[in-house]
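Reading through the structure tokens given below for one structure.
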Amino acid sequence: MSDAPTADPGPDPERAGAGEQRPSDLIGAALGGAAKRAGLDPAQQGSTGRVVWSAMGGWRGVLESVLPSLTFILTYTLLPGDTREKLLPALAVSVGIAAVFTLVRLVQKSPPSAAIGGLVAAGVAAGLALITGNPSDNFIPGFITNALYGSALLISAFVGWPLIGLAVGFLVGEGTRWRTDRRKRRAFFWLTIAWAALFAARLAVQFPIYLTSLDESQRDSAVALLGTLKLVMGIPLFAPLLAVTWLVVRALYPPAPK
């Protein structure tokens, strides 16, 4: 496998002047901090399955991720009537479930960020669908998110600052010194490309189906198919790629022997 194209590694930021922070440091700290809060710390012990499951938030995280979309699809598909008669109840059930998850986290004083994020996303998607009257517009925020994440990952890889490397560098306290290591640089490049490909695949498969929903005669079938694909291309693809990423990082930074 040939080396991925990268920019000049440049000087080690730890040798920069005291107090000086480069954009790469800030981005790495933000990404690494989020990964660490999710339980993705290369220094910790535990099986890959346990780490990945923890990063997804366990059963609660999976339900918070899946149920709002699943109930929207089921409610819209099973209710009788025309589009406008089914749209409001389907959206109300979806947003209501996201609100319940958020409330439970607040009552239990557990970190509510994941549930709040899901509630905001569900609310924005519902508002857009209500404004346009097209239930498929409920999926537009997801398209935008996939496009932004995929683009950011792809660009970062090809300019020589792959986001996976920045996050890992912060987590292990290495900063950006990994850029001087050919093996690590290549691994982080391809991991970042793999994540970009995941987001691109979701868009490539789902967006053409969304376009068919603009034809009212195909709208109901498009909504059902979009919802199904969103679930199938969600956790079932996210979890294996997260596991591969974890295994590669652990191979690059094996835990110190006890």
Side-chain angles (χ1 to χ4, degrees), residues 26-28 30-35 37-38 40 52 55-57 60-73 76 90-91 94-95 97-99 101-102 105 111-132 134-158 161-164 166-167 191-214 222-242 245:
L26 299 175
I27 295 172
L31 294 174
R37 289 191 296 274
L40 292 172
V52 171
M56 293 192 301
R60 174 183 286 183
V62 171
L63 292 175
E64 289 173 349
S65 173
V66 169
L67 275 186
S69 294
L70 180 59
T71 54
F72 170 79
I73 303 163
Y76 182 84
L91 292 173
S94 175
V95 175
I97 287 179
F101 281 129
T102 303
R105 281 189 177 269
S113 55
I116 290 176
L119 176 59
V120 171
V124 170
L128 183 59
L130 284 173
I131 290 171
T132 64
N134 182 356
S136 293
D137 287 344
N138 188 54
F139 300 98
I140 285 182
F143 296 152
I144 295 173
T145 300
N146 282 308
L148 292 176
Y149 286 175
S151 298
L153 286 158
L154 190 64
I155 292 170
S156 73
F158 280 104
W161 293 89
L163 292 178
I164 300 298
L166 293 177
L191 284 174
T192 303
I193 291 295
W195 281 101
L198 170 61
F199 294 114
R202 289 174 177 172
L203 273 179
V205 172
Q206 296 173 27
F207 191 68
I209 298 170
Y210 165 78
L211 294 178
T212 67
S213 75
L214 301 180
V223 170
L225 184 54
L226 271 175
T228 302
L229 286 171
K230 180 179 180 181
L231 295 175
V232 170
M233 302 185 77
I235 290 177
L237 295 184
F238 174 85
L241 186 52
L242 183 61
T245 302

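Both backbone and side-chain heavy atoms feed into the values below; hydrogens, waters and symmetry mates do not. Keep in mind the model is a prediction, meaning the values are calculated, not measured.
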TODO: Determine, stepwise, if the pair W161 / L166 fulfils side chain to side chain contact (heavy atoms under 4.5 Å, CB included).
DONE: CA-CA 7 Å; W161 293 89; L166 293 177; 3.7 Å; yes
Open item on the list: Working note: V223 + F72, criterion side chain to side chain contact (heavy atoms under 4.5 Å, CB included); need CA distance, chi angles, decisive distance, verdict.
Closed with: CA-CA 10 Å; V223 170; F72 170 79; 4.1 Å; yes
Task: Stepwise side chain to side chain contact (heavy atoms under 4.5 Å, CB included) check, L231 with I73 - done: CA-CA 10 Å; L231 295 175; I73 303 163; 4.1 Å; yes
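Within the 3.5 Å criterion, the main-chain N or O of L153 finds a donor-acceptor partner in the side chain of S156. The backbone N or O of A90 lies less than 3.5 Å from no partner atom in the side chain of S94, so there is not a single donor-acceptor pair. With hydrogens and angles ignored, the 3.5 Å screen pairs no side-chain donor or acceptor of S65 with any backbone N or O of G61.
Taking CG of D137 as the reference point, atom CG of L128 lies at 5.0 Å (rounded to 0.5 Å). Interatomic distance, CD1 of I235 versus CG of L242, reported as 11.0 Å (0.5 Å rounding). I140 contributes atom CD1, which lies 7.5 Å from atom CG of N134 (distance to the nearest 0.5 angstrom). Atom CZ of F143 sits about 11.0 Å away from atom OG1 of T145, to the nearest 0.5 Å. Distance check: L191 CG to I164 CD1 gives 6.5 Å after rounding to the nearest 0.5 Å. For the atom pair CG of L67 and CD1 of I97, the computed distance is 5.5 Å after rounding to the nearest 0.5 Å.
Remark: aromatic rings of F139 and Y210 are distant, center separation not under 6.0 Å.
Shortest non-hydrogen contact noted between N138 and A126 is OD1-N, 3.6 Å. Heavy atoms only, all atoms of each residue included: P162 and T192 are closest at CB-OG1, 3.1 Å. Contact detail for S69 and K230: the closest heavy-atom pair is OG-NZ, 3.1 Å. When all heavy atoms of M56 and A239 are compared, the closest pair comes out as SD-CB, 3.8 Å. Looking at every heavy atom in both residues, Q206 comes nearest to L229 through NE2-O, 3.7 Å.
Within 6.0 Å of the OH atom in Y149, the count of heavy atoms belonging to other residues, nucleotides or ligands does not exceed 12.
P141 pairs with exactly one of N146, V124, V120 by the side-chain contact (heavy atoms from CB on, under 4.5 Å) rule, that one being V124.
No side-chain heavy atom of L163 sits less than 4.5 Å from a side-chain heavy atom of W195. Inter-residue side-chain proximity for F158 and I193 is flagged as met; some heavy-atom pair is nearer than 4.5 Å.
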